[in-house]
Amino acid sequence: SKRSVGTAMVAIGVAGIIAGIAAIIVGQSLIRQVESSVDNSLQLTTEALSAVTDSVAVTDSVLDTVRIGMTSVRTTMETVEVSLDDAAAAIDESGAFLVGPLPNALEAVNDVLPTIESIASAVDSALRVLERAPFGPDYDPVKPFDEAVNDLSIAIAPLPEQLRQVGGNFAGLGDSANEIADGVAALGNTIAMLESQLGEVSTLLDRYADTAATAQILAASSRRDLGDSADAAGVLLTVLGIVFAAGQLVPIWLGLTLTRRGGAERLI
């Protein structure tokens, strides 16, 4: 009957209105939940990026300090290397002098000392003879001249061999100084390489810092865009819900009309 159809249409229209209102309420809630969830994620991302930026800044500062320290160490090592090279050259020259000219000269002197000793003995005898003269010199030495020369000869005798032994030790010391200088030079080269690598790391950290700063800007912009999009989606959902609910007025009106006509026909 028309009354039954009208009642059904009214029921459907009312249900549609209720569904539209429910859709508006539930949709608004879902939109806000999604907005809140994504906004919290973006906020955490922004805070994490801020922490990364601070960490990169601190790391870059530490790297700069280390690079300055390495530069100072490398400069010091270059100075030490030059000093060791000079010391090695001086040691080699001293060793060569101790092995050759100096002991040879002492041996030559020691070879002459016996002749000097005999001459000194004659001079000493002559001075003693002159002392006996009425106007002779007062000659009374603590040790005779020839004995002093003999003692000097005895003292000089072992020196050449000892000097040659010391000179041989100097040669080993010179080799050790050269090895140390080479080691210092290699270490200086390694430090220079590390300094260069730290410079590359510092450049990379600067790029990371720039990327993190750009990401922070994008995160902040995304949060603003998210809020605007959520508001627009909420308005659109409300409009659609209202339009849908308003569209249910037609079946309700038709249903009411059919209900009234069906009742009127029964009265007739």
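- The two residues Gly247 and Pro251 come nearest to each other via the heavy atoms O-CD, 3.2 Å.
- Without hydrogens or angle criteria, Thr214 side chain to Asp210 main chain gives a donor-acceptor distance under 3.5 Å.
- With hydrogens and angles ignored, the 3.5 Å screen pairs no side-chain donor or acceptor of Ser29 with any backbone N or O of Ile25.
- Ser83 places a side-chain N or O within donor-acceptor distance of the main-chain N or O of Thr79, the cut-off being under 3.5 Å.
- Here Arg32 pairs with Asp231 in a salt bridge; the nearest charged N to carboxylate O distance falls below 4.0 Å.
- In this structure, Asp182 has no side chain to side chain contact (heavy atoms under 4.5 Å, CB included) partners at least two apart in sequence or on a different chain.
- Within the 4.5 Å cutoff, the side chain of Ser222 has heavy atoms near those of the Leu42 side chain.
- Under the 4.5 Å side-chain heavy-atom criterion for ILVMFWY residues, no single connected hydrophobic cluster contains both Met193 and Val66.
- Proximity of a side-chain donor or acceptor of Ser41 to a complementary backbone N or O of Ser37 within less than 3.5 Å is detected.
- Tracing side-chain contacts under 4.5 Å through hydrophobic residues (I, L, V, M, F, W, Y), one never reaches Val52 starting from Ile217; they form parts of separate clusters.
- In this structure, Leu49 CG and Asp54 CG are separated by 11.0 Å, a value rounded to the nearest 0.5 Å.
- Side-chain N or O atoms of Asp60 include none that pairs as donor or acceptor with a backbone N or O of Val56 at under 3.5 Å.
- In this structure, Leu236 belongs to a hydrophobic cluster whose other members, linked by side-chain heavy atoms under 4.5 Å apart, are Leu240.
- In the hydrophobic clustering of this structure, Ile21 does not group with Val243; members are Ile, Leu, Val, Met, Phe, Trp, Tyr whose side-chain heavy atoms approach within less than 4.5 Å, directly or through other members.
- No donor-acceptor pair under 3.5 Å is formed between the side chain of Ser202 and the backbone N or O of Leu198.
- A donor-acceptor distance shorter than 3.5 angstrom exists from the side chain of Ser55 to the backbone of Ala51, with no hydrogens or angles considered.
- Nearest heavy atom pair, residue Ile154 against residue Pro158, reads O-CD, 3.3 Å.
- Between Asp86 atom CG and Glu81 atom CD the span is 10.5 Å, to the nearest 0.5 Å.
- In the hydrophobic clustering of this structure, Ile68 does not group with Leu63; members are Ile, Leu, Val, Met, Phe, Trp, Tyr whose side-chain heavy atoms approach within less than 4.5 Å, directly or through other members.
- In this structure, Val10 and Leu256 approach most closely via the heavy-atom pair CG2-N, 3.5 Å.
- Side-chain atoms of Ser61 do not come within 3.5 Å of backbone N or O of Ala57 as any donor-acceptor pair.
- For Glu179, the salt bridge (Lys or Arg N to Asp or Glu O under 4.0 Å) test picks out no residue, with sequence neighbours left out.
- Atom CG of Asp39 sits about 9.0 Å away from atom OG1 of Thr46, to the nearest 0.5 Å.
- In this structure the side chain of Leu205 reaches within 4.5 angstrom of the side chain of Tyr208, judged on heavy atoms.
- Between Leu194 atom CG and Asn189 atom CG the span is 11.0 Å, to the nearest 0.5 Å.
- Gln28 approaches Val235 most closely through the heavy-atom pair NE2-N, 4.3 Å.
- Hydrophobic cluster membership differs between Phe244 and Val14, with clusters built from Ile, Leu, Val, Met, Phe, Trp and Tyr side chains linked at under 4.5 angstrom.
- Considering all non-hydrogen atoms of both residues, Ala212 and Thr53 come closest at CB-OG1, 3.4 Å.
- Distance check: Thr45 OG1 to Leu218 CG gives 11.5 Å after rounding to the nearest 0.5 Å.
- With values rounded to the nearest 0.5 angstrom, Leu237 atom CG is found 9.5 Å from Ile242 atom CD1.
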